[in-house]
Each structure stands twice: as C-alpha cells, then as structure tokens.
Amino acid sequence: MKPAVLTGEHYITGDVACAEGALAAGCRFFGAYPITPATEIAEHMAERLPDVGGTFIQMEDEIAAMASILGAAWTGVKSMTATSGPGFSLMMENLGLGVCTETPCVIVNVQRTGPSTGLPTLTGQGDMMQARWGSHGDYEIIALAPSSPQDCFYHTIQAFNLSEKYRVPVLVMADEIVGHMSEKVVIPKASTISLVDRPKPSGRKDRFKLYQPGPNGVAPMPAIGEGYNVHVTGLTHDERGYPAMSVEAQEQMMTNLKGKIRNNLEDIIETESYRLEDAEIVIVSYGISVRTGLTAVDEARKLGYKAGLLRLVTVWPFPEEQIRELAARVKGLITIEINLGQVHYEVERCAGGQAPAHLVGSAGGKIIHPDKVIALIKEKF
Amino acid sequence: MAFWREPLDTQEIQISKGTVHIIQDRCKGCGYCIEFCPKDILAFSDSFNKKGYHPPLAARPDDCVNCHYCEIICPEFAIYSTEDPDIAATETT
Amino acid sequence: MTKNPQKPLKPAAHPLDDLIRTERIPHIWCPGCGIGTVFSSTLKAIKGTGIPYDRFTMVSGIGCSARGAGYVKLDSFHTTHGRAIPFASGIKMANPDLNVIVFSGDGDLFAIGGNHFIHAARRNMDLTVVCVNNLTYGMTGGQVAATTPNRAKTTTTPFGNPDAPFNLPLMASASGASYVARWTILHTRDLTDSINEAMAKKGFSFIEVLSPCPINYGRRNKEKPLDTLKLYQERTIIKNGADPARADIDFDRGVILGKFVDIDRQTCDSMYNSVCRPCSDD
C-alpha cells in the first residue's frame with residue numbers, strides 16, 4: 001500500500017501530479033466522469049483512493065459528478081472532480097449550488113479547444129471566462145492556473161487550502177499540454193506540506209447559525225451527523241440557512257458571498273514575476289502560455305527591449321491592483337493566451353488606458369510560439 | 001350487523017380510547033381527517049382559524065379509538081390523538 | 001378593554017414536532033395537497049426505526065415535494081433540479097454510516113433526474129427514495145410531466161397529453177432497485193410501514209406515493225381533492241408481489257398498490273469495499 005503523500009522525485013504528467021497533489025492535500029472523495037484530456041486524473045484517483053481510505057465513484061455524467069462531490073463535502077471530507085470543456089459546461093449548475101451553499105471542493109479543468117466538442121485532444125485556454133462567470137447569477141470564485149506538472153501538484157494543494165479556508169469551490173484551470181506532458185515533479189515530505197481545514201463550529205448547537213460569518217467573513221461548517229441539524233439550500237437564505245425570499249436577504253447573502261473573497265484578496269491572489277523590476281514591456285500570462293512568455297522575455301531582452309513577465313497564478317479573483325500599478329509605469333502590456341481574447345480584456349480594463357494592452361492569442365490547438373510575441377513587440381514598441 | 005354473531009371474547013377485548021387534539025391554526029381545511037376518520041367523529045367547525053379556514057372539531061369525541069389515522073393523513077401536522085389515560089390505567093389492572 | 005383569546009398554557013405539541021422545523025410551519029403546500037401526508041409518513045417511519053436522528057439526512061431536488069428537506073429537523077439538503085440522487089450518492093459513499101433519504105417529486109426524479117435515478121438503482125446505492133407522484137409539475141403551475149396520464153390536461157398540454165407516462169415501479173425494478181413499492185396518501189399506515197421497511201433495507205429502495213395536486217392538476221382535470229382520494233379508495237387494489245409491468249396508472253382499470261420488489265443484493269458501498277479495498281481490514 002502506497003502512502004497518501006508519495007515523497008520523492010517523480011517523472012509524471014500534469015494530470016497525475018494533480019491527483020497526487022489532491023491526495024497530499026487530504027482529498028478523500030473523487031466524483032468522476034471520463035473526458036479527454038482530464039481522464040488520467042480520474043484513472044489515477046480510482047487506483048490510489050481506496051488505498052488511503054478514500055472513495056472513488058464514476059458517476060453517470062458530469063452533472064452527477066459535481067453533485068456527488070458537494071454531497072461528499074458535507075460529510076466532512078475533502079472532495080474533487082476533474083473535467084474538460086463540455087463536462088465543465090455540465091458542471092456549471094451545481095458549481096453555482098456549491099458557491100451559494102458555500103461548499104468547499106476542487107474542480108480541475110484540463111482545458112481543450114472549443115466551442116462544443118472542438119479539438120478534444122489539443123490544448124486551449126478558452127474556458128477562462130466560463131470559469132469566472134459560467135454559472136448563472138453573480139458570484140465570486142477562485143481559479144488557479146498551473147504552468148507545469150510541478151505546478152499541478154502544488155496548485156491542487158493550494159486549491160484545497162483556499163477552498164477549505166473560504167468555503168468556496170476552487171477551480172484549477174490546467175490545459176491539455178500541462179495535463180499530458182511529463183516532467184520532474186518533486187513531492188516533499190508530508191510534514192512540510194501545510195494544509196488548511198474548514199473552520200468548524202463550537203458553542204451551543206441549538207443556537208448555531210449555518211451562515212453567520214466568522215472573523216474573516218467565512219462561516220464555520222459542521223458535517224452531517226454532528227447534531228447541528230443544518231438546512232442547506234440553493235435558494236436565497238438567511239443566516240440560519242433557511243430560504244428567505246426577500247430583497248434584503250439576497251443583499252445580505254451576496255454581501256457575504258462576495259465579501260469573503262473581495263475582502264481577502266491579498267491572501268488569495270498570488271502572482272509570480274520574471275525580470276519585471278525594470279521592465280517597460282510587461283507580458284501577462286497564465287497556465288501553459290507562461291512558457292511562451294518566459295522565452296519571449298529572454299528573446300526580447302536580447303533584442304534590447306526591456307521586457308518582463310507577470311504570471312497569474314490566481315486568475316480569479318483577478319489581480320486588478322497589480323495590473324493597474326504596472327500599467328501606470330510601463331510602455332505596454334501584452335497578454336498571451338490560447339484564445340482570441342478573454343483575460344486580455346481584463347488586463348485592458350485594469351490598464352484603463354494608462355498603457356496600451358495587446359493580445360497575442362490563438363484559435364487554439366497548440367502552444368503559441370514566442371516568435372509571435374517578438375513580432376508584436378517589434379511592431380508596437 | 002344484526003346477522004352477525006357477537007364474538008365470544010368481546011368482554012375481554014380492550015378497545016383503546018383516545019383524545020383528539022387539534023392545532024387549529026395549522027389547519028388548511030382540506031377535510032381529509034373528517035372524511036376518512038374510521039369512527040366518523042370529526043366535523044368542520046363553524047369558526048375560522050387565523051388563516052381563514054374551518055378547522056375540524058371533535059363532534060363525537062367519546063368515539064375516538066386513538067387509531068392515529070387523522071394524525072398521519074393530515075398534511076399540516078394539525079391533528080393528533082393521544083391515548084386516554086383513564087382507559088390506559090384500567091388496561092394495566 | 002380587549003381580552004386576549006384564551007390560550008392553552010403550553011402550546012399543543014404534535015408528536016412529530018421534534019422532527020419538524022416548527023418555526024417554518026405553515027409549509028408552502030396548498031390545501032388538499034398530499035405532500036404533507038407523505039412527509040408525515042416519512043417522519044413517522046424515521047421515528048419508528050428507533051435510530052438516533054443524527055444518523056439520518058434528507059436530500060431533495062427542486063419542486064413542491066422537494067421543499068420537504070426544508071421542513072425536516074435533520075441535516076437536510078435542498079439541491080438543484082433533478083440532482084438530489086447524485087448529491088445523496090456523494091453523501092452515502094463518503095459516509096456509508098448515514099441513512100440517506102431522498103424526498104422529492106416525480107418531475108424532479110423522473111424527467112430531469114431520470115438518468116440519475118436509473119444509475120443509482122443499477123448501482124444499488126443504499127438510499128431510500130420517496131417520490132411524491134402528483135402527475136404534474138406543481139411548483140411551476142401544472143405542466144405536463146413524465147408521469148402525466150395520456151390525454152390529461154395541463155398548461156402545456158391544453159388539448160390533452162399526447163404522450164405516454166412512465167410506469168415508475170417497472171422502471172425502478174428494471175434498473176435494479178432492491179425495494180420497490182407504491183402507495184397512495186390514503187394508505188397512510190401501509191405507506192408508513194413501507195417507508196420504515198425501506199429504510200431498514202440495505203440497497204436502493206423506491207417508494208412511489210400517489211398524491212393529489214388539487215390546484216394545478218386536479219382543477220384542470222375536474223378532480224376535487226376528495227374525488228382523487230375516493231379514486232385511491234375505490235379504484236386501487238393491493239397486490240404485494242405483483243408484476244411491476246402491470247403497474248401502469250389507469251384508474252379505469254384499477255391501479256395496483258403494494259410491494260413489488262424486495263430482493264437482497266450487495267450495495268454500492270459494500271461492493272466498493274469488497275472489490276476495491278481487498279486488503280482492508282473491514
């Protein structure tokens with residue numbers, strides 16, 4: 001029997017690294033439905049979970065997979081699912097339920113090219129706006145974007161930690177290349193991985209209110225069977241969790257749902273920078289496209305352009321403040337992403353005209369070549 | 001019924017006796033308890049409850065046998081019966 | 001000077017009050033609606049098991065019946081339309097010690113949620129599914145459902161329903177359910193006993209309960225609530241062990257009630273343990 005944390009050096013794919021990250025984070029329930037290019041995560045979890053006392057179930061569709069991980073989460077376990085484009089669309093309804101009921105869980109989307117069935121085996125980054133706004137209604141969500149198998153391991157752990165801390169579904173927005181490529185992944189000792197568990201209630205059970213926010217805006221969460229008699233509903237609800245069909249209740253609930261994310265942006269948002277200190281041209285990117293950006297920065301520097309890169313580890317919530325500050329001091333911003341403009345428009349919005357925002361995008365199917373970025377730099381700067 | 005022989009053990013059989021309790025303000029006046037009470041002891045009352053429905057009243061309370069049928073068929077948790085303590089006491093002797 | 005109306009010193013307590021969120025009563029169900037009766041039966045059955053309440057949880061989907069989860073004083077979940085069963089499956093598989101009850105309606109469980117139903121039955125997921133079948137979508141105002149009888153009038157079949165309805169016991173048994181029964185809200189005692197038996201049963205249990213929707217179905221089909229209950233009294237026949245293939249709902253011919261299926265088959269969670277955890281001590 002293998003332990004939950006496979007400490008050591010491995011040569012594995014991003015998909016497998018996601019699964020290992022989940023196990024290291026304490027995930028013990030996986031609701032699955034096969035879809036290229038995310039299937040390997042499910043396959044790996046199917047093999048590994050029973051060994052560590054967890055449960056794997058392949059449901060009848062992605063709707064059910066998403067529903068099952070919400071149910072499992074309320075028993076007190078950490079739960080997850082993994083999918084790609086079409087399956088991600090099917091999960092949107094229950095993703096909203098997860099947001100509304102403040103249910104911690106992790107969804108990995110190994111993105112492929114769409115729309116519709118698209119190019120199932122080829123890469124894409126076209127689900128970024130769906131990740132932000134795909135379920136109906138107004139809400140806040142957290143999405144991370146890994147750029148390598150090593151990232152897949154760490155970001156999945158981070159996704160669980162954020163999800164537990166803020167009681168919100170967290171999305172790991174990988175893509176086909178990151179998911180399918182093999183690289184060295186270092187898994188540290190279990191004792192060195194810091195894990196976060198959801199806040200638990202204390203005090204009198206009969207006075208407990210399910211959605212009364214704690215100090216950081218997040219309400220403690222009991223598990224089924226602990227005697228709190230919780231009622232959990234996707235209807236607009238009051239602090240007790242009871243349906244409350246009023247404008248005031250809606251406003252209060254939205255204030256809580258948005259506030260717990262918006263008031264903790266500094267804690268949630270993570271970015272990385274590369275040669276950014278003196279940069280005049282800033283490449284903004286995330287996921288696999290960061291690799292295009294890193295090469296492009298070096299190439300541009302060789303040509304005499306002061307280029308740098310800002311990597312969005314957290315794409316949602318969007319690092320607005322950081323983009324704003326950069327835009328005030330640089331000559332221009334370039335977003336690289338494998339779509340024809342999604343995060344680019346966010347960058348443009350935050351730049352607010354202080355610096356021009358350009359896009360190096362593609363219709364999808366393959367990683368963007370750095371030459372395309374260099375050509376744009378030569379043309380515009 | 002006149003043609004039927006009275007069972008020999010009639011004297012020994014204890015028919016339980018109950019009291020009907022009506023939580024008037026929960027009632028929505030569907031009348032199911034009245035219609036289907038096996039002992040036909042309930043009737044609509046003339047008065048209104050606070051929601052404006054006519055709740056049932058026990059027209060022949062002494063006939064209640066504490067069968068709990070009204071208790072379950074009532075969709076409103078508005079009626080229930082309890083065993084009459086006097087009879088219960090005699091049963092134990 | 002006004003006098004306060006005479007009130008009993010202690011407010012009357014219904015025997016099921018300990019299982020009801022009494023502060024949320026009155027419930028939303030219309031006068032004459034049978035959901036409250038099915039709900040009462042379910043609570044009575046829970047009480048009858050003698051199992052501590054915190055070992056139970058109730059999951060509902062969306063619709064009138066699905067509001068049940070909001071009135072029961074258990075850990076309870078009001079989920080999305082049709083998704084009560086997969087949500088409940090997640091609970092059951094993550095914590096098999098819990099008794100998981102799905103309480104929902106025919107529209108929720110058999111149209112939008114039909115796929116989940118057959119798969120949970122196939123896996124023999126250890127759930128007790130209580131389906132209030134009122135032949136229509138009550139919450140949205142009485143549209144045609146997957147259970148609406150042929151030719152019945154609804155708001156979306158103003159000329160009569162051209163489609164055929166599902167035979168729910170047949171579907172459940174064909175999909176592999178361990179326990180299948182059908183009752184009406186008139187048969188409260190059998191219904192309560194049946195739900196109680198289904199909860200004790202390991203595996204996927206399904207109880208269909210015929211129930212009137214006087215406002216949104218009955219009104220359009222010239223059926224007053226008491227008329228519907230008279231049908232339940234006069235045009236039904238209890239036949240335990242009957243062939244579910246003969247369980248179509250046709251009140252002209254007579255509707256079969258009773259327990260159709262009661263078989264023993266390994267449950268999903270026990271199979272998972274024996275197949276996927278061969279080395280475990282369990």
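Chain naming here is simple, since letters A, B, ... match the order of the sequence lines and numbering starts at 1 in each. Just the heavy atoms: all of them, side chains too, but no hydrogens, waters or symmetry mates, feed the values below.
- Per-residue heavy-atom pair counts under 4.5 Å with chain C were compared for B:Ile79, B:Ile73, B:Thr82, and the maximum is reached by B:Ile73.
- Residue B:Phe77 comes nearest to C:Gly36 through the heavy atom pair CE2-O, 4.4 Å, listed as atom of the first residue, atom of the second, then distance.
- Within the 4.5 Å cutoff, no side-chain heavy atoms of C:Phe39 are placed close to those of B:Pro75.
- A pairwise comparison of heavy atoms in B:Arg26 and C:Asp17 identifies NH1-OD1, 3.1 Å as the closest pair.
- Between chain B and the residues C:Leu186, C:Leu191, C:Leu226, the most heavy-atom pairs under 4.5 angstrom are made by C:Leu186.
- Here the straight-line distance linking atom OG of C:Ser40 with atom NE2 of B:His68 works out to 13.0 Å at 0.5 Å rounding.
- Within 6.0 Å of atom CG in B:Asp46, 12 or fewer heavy atoms from other residues, nucleotides or ligands are found, so the atom counts as exposed in its surroundings.
- The parts of B:Tyr69 that come within reach of chain C are both its backbone and its side chain, each placing non-hydrogen atoms under 4.5 angstrom from that chain.
- Both the backbone and the side chain of B:Glu76 have a heavy atom closer than 4.5 Å to some heavy atom of chain C.
- Note: C:Leu16 CG to B:Ile72 CD1 = 5.5 Å, rounded to the nearest 0.5 Å.
- Contact of C:Ile25 with chain B is made through the side chain alone, with heavy-atom distances under 4.5 Å.
- In this structure, C:Lys201 places its NZ atom where more than 12 heavy-atom neighbours from other residues, nucleotides or ligands lie under 6.0 Å away.
- In this structure, NE2 on C:His14 lies 10.5 Å from NE2 on B:His21, to the nearest 0.5 angstrom.
- When every heavy atom of B:Lys28 is checked against every heavy atom of C:His27, the shortest pair comes out as NZ-O, 2.9 Å.
- The two atoms that bring B:Tyr32 and C:Pro225 nearest to each other are OH-CB, 3.2 Å, heavy atoms only.
- In terms of heavy-atom pairs under 4.5 angstrom with chain C, the leader among B:Cys27, B:Gly29, B:Gly31, B:Cys67 is B:Cys67.
- Here the shortest heavy-atom pairing between B:Cys30 and C:Gly32 reads CB-N, 3.5 Å.
- The nearest pair of heavy atoms linking B:Lys51 to C:Pro26 is NZ-CB, 3.7 Å.
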